[in-house]
Structure formats: structure tokens, C-alpha cells
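Quick notes on the structure that follows.
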There are 2 protein chains.
Amino acid sequence: MTAPRWRSLRATHCETIEAMPKKVDHQERRTLIADALMRVAADQGLEAVSLRHVAAAAGVSAGMVQHYFRTKDEMMAFAMAVVRERGQARVTEALARLGENPAPRLLLRTMIAALLPLDDRTRDDGRVALAFLAYTAVRPASATGLRADTMQLTSFIASVLPSGDTAEGAGLLALMEGLGVYLLGGQYTAEQALGALDAQLDLLFGSSAAA
Amino acid sequence: MTAPRWRSLRATHCETIEAMPKKVDHQERRTLIADALMRVAADQGLEAVSLRHVAAAAGVSAGMVQHYFRTKDEMMAFAMAVVRERGQARVTEALARLGENPAPRLLLRTMIAALLPLDDRTRDDGRVALAFLAYTAVRPASATGLRADTMQLTSFIASVLPSGDTAEGAGLLALMEGLGVYLLGGQYTAEQALGALDAQLDLLFGSSAAA
DNA sequence: TCAGATGCAATGCAGTTGTATTGCAACGAG
DNA sequence: CTCGTTGCAATACAACTGCATTGCATCTGA
């Protein structure tokens, strides 16, 4: 296995590099490994993430993982960044699927539903995100990125709400996070979660019509 | 060290036991160890929980931990149960501090505030709970207790809401959970979280007065 | 062509993990 | 006073951890 299928897209943003006597795309390799890490974390938990497990899941040697991440923490941090980027990508993609300027309520519902772990595909991402949440609850230093994301989202949500209230925006975001947690824990079904979300939007938009 | 300071309260509820040629209270020892486990988990993360670490934190030998929990998973499960019981105790205590039949809104605010990790004392419990959440997201089998708790809480909350709507109750509970997560992650301050909670109660109770 | 850099595999190593086993002191029942 | 049970400590052990080191094939720029 491991047929030479690399050399695909070369340097996504290789800047200020003059002498490069190599061939492989570092960023690509790293995301490949990070993907494997997330697969391991998704179905065995973060504590099962080790250099060798990740290497096995990625189908590469343990030495290669070490080659691309000098330390395990570096690998974890990179994977965390990938999770964040994926979340953001899902949001922007979901928003792009709505036309030019959609109704605020539909916009919020679409965005939040895109971020909830409602199906098996997003469930794995959610599990990893939750694991990282617990991980960073102990290491507050490595959560600055998450913090920025959250603040950005709250202000955006608030700006779309009819009231424009920041507290209401923060509440809606927290409700989303809680729904995600309960979905992952199996406490809520997808229907229950969406029902709660719609009920909340009813409250915020003052209407009683369904989405 | 380890002066013989046991033999403290004997058998909390030793029933149907005829021959007991021993002296220590099993349950007490187990909760003592579970406390140490939670201390370790709170400030080093769940992955730092090992027999020896817990034993050291409890000030006992590793052999004793093994004596009271035949396997690590058994210890984890017990600690999880303790966390759940503490949460429930905090709720009932907070409710008891309110008089006979308090206003629904005040009742909900008090109950939810009691469950949020707002100060350093409850912060540790929250960290442990979050870690366990991530833990059980991978092992769904050991989360049946949590599921029951959640369902119980949702129905109770819904019964207190003016609308009596189950979806609104589920939403409020999810909002609480999300606030807890963001508090632990440092994304929200205590003021922001309480502000969001009050805003939500404003929505649910249709008033604009503060708590 | 030929250093030198790079990609990557293999191995070694000290430390930690969960668990099984052993040994011994203290106790209760007979 | 035994004797078996229990409480607990100590140790052994194989598996695993993250990391450092070594070795080699391949490519690059001169």
C-alpha cells in the first residue's frame, strides 16, 4: 500500500522559501495525519490518540508522524486548528447555499443546523470537538483560537437577531452548543434538538410559525 | 504517614450482611478515592487519571485503590455516579434554599445558576463533568444514568415554564449546558453567562424585568 | 557529478500504564 | 487461642507511551 499518490497540489502558500530540495507538500501530509488523529479520537476517545495509533490509522509509519510533528502537543494543536477550520467551512458553505440575503431566521437555523452533529458524518467531528473542549478546559492556553471564534459568532448572531441583543445572541449560541453536547451524549434525538432550536427561534423572532 | 485514622462512621447502610469480619466502611473508602480521582481530573484532565495518580492524590497506596476497585473502569463508573449525585444534590439544595413555592422564574434561575460552573468550587466539578461527557460520548453504554437525569430535568423545567412546552424546556436545559461549556472554556465570563440566562428567561416568561 | 538536504523507516530507551500476584498485619468467630 | 477472612502494601510484569537516534534512499542545487 501507500502507492505514491502524493505530489498533488504543491505548496498552498509557500512564501519566502528559496531553497527547497524536496517534493512533498508538508501541509497536505500534516492534514492527512490530522485526519487520522480525528478518526482515532472520534471512535476511541482522545486518550487513545498516540503517535503509533495515529500512524496506524493513517497507514503510515510512526516515524513519519514524528517527522511532521516534532511533538505530540504540536500534532494535537494542529488537529484542533483543522477542526476549527472545518467548522467554519461548514458554516460558510451552509450560508452560501442560501441565496443572496436570506431571511434572518432561516439563516440562523441553517447555520446552526450545519454546526450540530445531526448525522453520522458530523457526529464524528462533534465528538472530536467535544474531546478537544474537555482537553482545553484543562489547558486554557491553547483555547485562544476557540475563544476568538466564539466571540465572532456571538456578535454575528446578535447582529442578525431582531432585537440585536448581545445576550440573546450569546444565549442562542450556548443553546446550540448544549444541543450538540446532548446530541452526542444521546440525551436528545435529532428531532428533539431541532424542535428545541425551532422553539428558540420562535421565541427570538416572536412568531409562532414553523421554520 | 497513613496513621490509622479510619474507623470513623461505620456502615452507612449495611443491610442483609450476616458475617462481617472487618471494620472499614467500603462506601466511604470508595467515595474518598473517587474524590481524589475528581481532583486529579479537574486540574490535569481525565487522561491523567491513573491508579497511581489517584492513589497519590488520595494519600493512599496504589494497592488500596486496587483493593476497592478491581478495575479502572469500575473506578471511573463510580466516580461518574458521584458526580451525578453531587449535581442533583446541588439542585435540591438550591431549591430548598428558596422558600415553599417560589416564583417559577426565580426557581429556574436559581436552579440553573446552581448548576453552572460560576466559581472556583463548582468549576472543578464542571471540568470533571465535561471530561466525563467526552468520555461517555465514546462509550455510550455508560451514559444511561446521565440520559435519565437529563430527561427528568427537561420535563421538570417544561412543567414550570408558562408555556409548559417540552421543546422550550429542552432548549433551556441545552442553553444551560452550553453556558457551562463556554464558562469552562473561558469563552464567556460569569456576567455574560448570567446575562444570557436572564435574557432567555425574559424570553420565556415574556417580561422585560430583571431577575 | 557530487555534497547536502530532505523524507521516512526502524530501533532503542526510560517512564508510565493497568492488572495479577504475593505477603503480612489485624480482626471476628469458633 | 486458633483460623479463616479481610485490609492493605509491595512488587512483578507485559504492554504501551513519547521521544531521540540512526540509517538509508531520494531529490536538489551547484
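Reminder, nothing fancy here: chain letters follow the sequence lines and each chain counts from 1.
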Whole angstrom value for the distance that separates [atom2] of [N] from [atom1] of [X]:
X     : N      : atom1 : atom2 : answer
A:M76 : D:dT17 : CE    : P     : 13 Å
B:F69 : D:dC8  : CZ    : P     : 13 Å
A:E74 : D:dC19 : CD    : C1'   : 13 Å
A:L32 : C:dG7  : CG    : C1'   : 14 Å
A:D25 : C:dG7  : CG    : P     : 11 Å
A:M64 : D:dC24 : CE    : C1'   : 17 Å

Restricting to side-chain hydrogen bond (donor to acceptor under 3.5 Å, both in side chains), what partner residues turn up for A:Q44, sequence neighbours left out? none
Do A:Q187 and A:Q192 have side-chain atoms, one donor and one acceptor, less than 3.5 Å apart? no
Please list all pairs passing the salt bridge (Lys or Arg N to Asp or Glu O under 4.0 Å) test where one or both residues lie in residues 135-155 of chain B, with sequence neighbours left out. A:E47-B:R139, B:R84-B:D149
Hey, what's the ring geometry for B:F69 with B:F78, parallel, tilted or perpendicular (30° and 60° as the breaks)?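 Aromatic pair B:F69/B:F78 classed tilted.
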Under 4.0 Å between a side-chain N or O of A:H67 and OP1 or OP2 of C:dC8?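 Answer no for this pair, as no side-chain N or O of A:H67 is under 4.0 Å from OP1 or OP2.
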Between N or O atoms, less than 3.5 Å apart, protein on one side and nucleotides 17-19 of chain C on the other: list the pairs.
unit_1: C:dT17; atom_1: OP1; unit_2: B:S50; atom_2: OG; d: 3.1
unit_1: C:dG18; atom_1: OP1; unit_2: B:K72; atom_2: NZ; d: 2.9
unit_1: C:dG18; atom_1: OP2; unit_2: B:L51; atom_2: N; d: 3.0
unit_1: C:dG18; atom_1: N7; unit_2: B:R52; atom_2: NH2; d: 2.5
unit_1: C:dG18; atom_1: O6; unit_2: B:R52; atom_2: NH2; d: 2.7
unit_1: C:dT19; atom_1: OP1; unit_2: B:T71; atom_2: OG1; d: 2.9
unit_1: C:dT19; atom_1: OP2; unit_2: B:T71; atom_2: OG1; d: 3.4
unit_1: C:dT19; atom_1: OP2; unit_2: B:K72; atom_2: N; d: 2.8

Looking at B:D124 and B:R39, is any side-chain nitrogen of the basic one under 4.0 Å from a carboxylate oxygen of the acidic one? no
Heavy atoms, side chains only, cut-off 4.5 Å: are A:H53 and A:L37 in contact? no
